[in-house]
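Side chains are part of it too, since the values below use all heavy atoms of this structure and drop only hydrogens, waters and symmetry mates. A quick note: this is a predicted structure, and the numbers were derived from the prediction, not measured. In this chain, numbering begins with 1 at the start of the sequence shown. First listed ligand is number 1; within each ligand, the first listed atom is number 1.
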Amino acid sequence: MNVGIVGLGYVGLPLAVAFCEAGHNVIGIDVDPRKVGALQRRESYIEDVPSETLEAVSDRLFASLRFAELSRCEAVILAVPTPLTRNREPDLAPLLAATTAVAGVLQRDQLIVLESTTYPGTTRERLVPLLEESGLAAGSDFNVAFSPERIDPGRTDYTMSNTPKVVGGLTEDCLERAAALYGEVCAEVVRVSTPEVAELTKLLENIFRSVNIALVNELAVLCDRMEIDIWEVVDAAATKPYGFMRFEPGPGMGGHCLPVDPFYLSWRAREFGQPTHFIELAGEMNQEMPRFCADKVARALNDRAKAVRGSRIAILGVSYKAGVGDLRESPALKIMNILRERGGEIVYHDEHVPELPELGLTSLALDDALDACDVAVIVTAHPGLDPQEVVERAPLVVDFRGVTSGAEKVVRL
Ligand SMILES: NC(=O)c1ccc[n+]([C@@H]2O[C@H](COP(=O)([O-])OP(=O)(O)OC[C@H]3O[C@@H](n4cnc5c(N)ncnc54)[C@H](O)[C@@H]3O)[C@@H](O)[C@H]2O)c1
């Protein structure tokens, strides 16, 4: 099979590699010439895809800026970004631009699948009309389906092949074709009745996480007042063998998904006159966490008779999650900006993020970051970080990930 993949980012590139490894040819299209150039040189820019893997599939992976190449594909998968506008409304511009370009080269009998996270109704109401501008009819001349991506960057126990893939088709035939496509790279395909069900399934998964993280963050803020250790509470609750699922507090949500996706649904819900209280409340709580955490650093310094102004503050881990270098919506950046605005001298260490040009900073070696710092702040605990070493070397440690214990100089969320 020739499979086209539009958008070669965190979702599209691993998917492209999976289809190549299953023996298919992939035509990958992106509007970013740097990404296409890197792929043509077999250089990966996604941590989960080593360059050696690209090399191994080099005879089957073809990257291009030209949508016309898609005309020789049996199936085309769209994995372009679905961000929010500045007013926090769905920004479908990349998706609509990609769809229009695909419509321009659409062929009879092709299967078009959307994987980008979006509100229920997008596939049917926004994608299909644009594709039909080709003069072909969806459901009869070509097939359309929605299948949400469940990739968790950095994760190795659950990968594309052993994570069930949900698929919803415009028609029964669309569903079966999409199920057969994903059957090539996933052990289990879960068929649902419509694209809308598949679209909302993905949002439910993300909203579930957002709401539960907000709940435990709210308790962390309360525990701070009550002088109870939230980590000990979570550990104890997690011993219940049923009816409880562990979620950990933290400095706030980052990445392309949790801070963004739930608002696609609350926007859509407004059209139906139905408020989505849990989504909004969870968003507010999680967005407040970086400010709460910056205040916690200020209080920890104050307790040692120091001001933020003039203190050297070593931020450890600036990406939004452990083990990856993704900076999108990272709470660490917000914490750093708040503390810098208050006059703190900010340095950082992150083995996954060599530089932060917007802050004018480069990552220091851990030793250099800890040397002469007034406080070390663990914002993201990468697997390579030894919390014990941090506690031994820094005069004061603020830990937002619950990875340190015991010492009197440690302040935990
Ligand atoms: N990153 C994740 O962990 C994850 C997980 C599940 C779902 N998703 C969803 O998948 C979608 C893609 O996310 P991502 O993280 O891969 O984004 P990304 O930014 O890493 O990659 C998207 C790619 O699309 C390209 N692009 C933008 N506009 C384009 C256009 N008009 N035509 C062709 N290419 C275009 C970009 O240059 C980029 O390379 C989003 O809807 C996201 O919510 C992401």
Side-chain angles (χ1 to χ4, degrees), residues 4-18 27-40 43-49 63-70 73 76-84 90-105 112-120 122-123 126-127 130 146-155 158-160 163-166 186 198-210 253-265 319-330:
I5 297 187
V6 179
L8 299 168
Y10 285 91
V11 168
L13 188 58
L15 195 61
V17 167
I27 295 156
I29 306 293
D30 204 289
V31 288
D32 184 345
R34 288 166 308 176
K35 284 191 177 149
V36 170
L39 290 178
Q40 286 167 345
E43 289 168 11
S44 180
Y45 43 83
I46 301 281
E47 278 158 287
D48 289 348
V49 179
S64 174
L65 293 162
R66 286 169 25 91
F67 280 79
E69 307 285 354
L70 296 173
C73 295
V76 176
I77 297 171
L78 296 168
V80 294
T82 42
L84 293 173
D91 177 3
L92 292 186
L95 177 57
L96 300 181
T99 308
T100 303
V102 170
V105 296
I112 311 295
V113 188
L114 177 59
E115 286 221 9
S116 305
T117 309
T118 185
Y119 60 81
T122 309
T123 305
R126 307 303 302 272
L127 214 71
L130 280 180
F146 181 86
S147 179
E149 181 50 63
R150 284 173 157 169
I151 196 167
D152 184 9
R155 187 164 207 128
Y158 285 103
T159 58
M160 192 166 311
T163 304
K165 193 92 170 85
V166 173
C186 303
E199 289 162 334
L200 188 52
T201 300
K202 173 69 185 176
L203 291 178
L204 169 61
E205 291 166 13
N206 283 354
I207 292 163
F208 173 81
R209 285 183 52 71
S210 170
M253 289 186 315
H256 182 37
C257 295
L258 297 195
V260 174
D261 303 345
F263 299 102
Y264 266 67
L265 187 59
S319 63
Y320 84 89
K321 72 184 266 194
V324 300
D326 193 345
L327 284 169
R328 290 180 291 183
E329 308 273 335
S330 176

Give me the residue, atom name and distance of the protein heavy atom closest to [atom].
| atom | answer |
| --- | --- |
| atom 26 (N) of ligand 1 | Val31 CG2, 3.7 Å |
| atom 27 (C) of ligand 1 | Pro81 CD, 3.4 Å |
| atom 33 (C) of ligand 1 | Val6 CG1, 3.5 Å |
| atom 15 (O) of ligand 1 | Arg328 NH2, 3.2 Å |
| atom 42 (C) of ligand 1 | His256 CD2, 3.2 Å |
| atom 16 (O) of ligand 1 | Val11 N, 2.9 Å |
| atom 39 (O) of ligand 1 | Asp30 OD2, 2.6 Å |
| atom 1 (N) of ligand 1 | Tyr10 CB, 3.5 Å |

Below 4.5 Å, heavy atoms only, C-beta onward: do [X] and [Y] meet side chain to side chain?
| X | Y | value |
| --- | --- | --- |
| Leu200 | Leu265 | yes |
| Glu199 | Tyr264 | no |
| Arg126 | Leu95 | no |
| Pro153 | Pro14 | no |
| Asp30 | Leu39 | no |
| Leu15 | Met160 | yes |

Using a strict 4.0 Å cut-off to heavy atoms of [X], name the atoms of ligand 1 that fall inside it.
| X | result |
| --- | --- |
| Pro94 | 28 (N), 31 (N) |
| Ser116 | 11 (C), 41 (O) |
| Asp32 | 37 (O) |
| Ala98 | 30 (C), 31 (N), 32 (N) |
| Gly7 | 23 (C), 24 (O), 25 (C), 34 (N) |
| Phe67 | 32 (N), 33 (C) |
| Pro153 | 3 (O) |

Of Val80, Thr82, Thr118, which has the heavy atom at the shortest distance from atom 11 (C) of ligand 1? Val80
Take atom CZ of Arg150 as the centre, draw a 6.0 Å sphere, and report whether it contains more than 12 heavy atoms from other residues, nucleotides or ligands. yes
Result of checking Val113, Thr118, Val166, Leu78 against Phe146 for side chain to side chain contact (heavy atoms under 4.5 Å, CB included): Thr118
Have Lys202 and Thr117 got a donor and an acceptor in their side chains that come within less than 3.5 Å?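 Result is no, nothing qualifies.
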Mode of [X] contact toward ligand 1 - side chain, backbone, both, neither (heavy atoms, under 4.0 Å):
| X | value |
| --- | --- |
| Lys35 | side chain |
| Pro148 | neither |
| Ala101 | neither |

If you take all heavy atoms of Cys73 and Gly4, which pair is closest and at what distance? SG-N, 3.5 Å
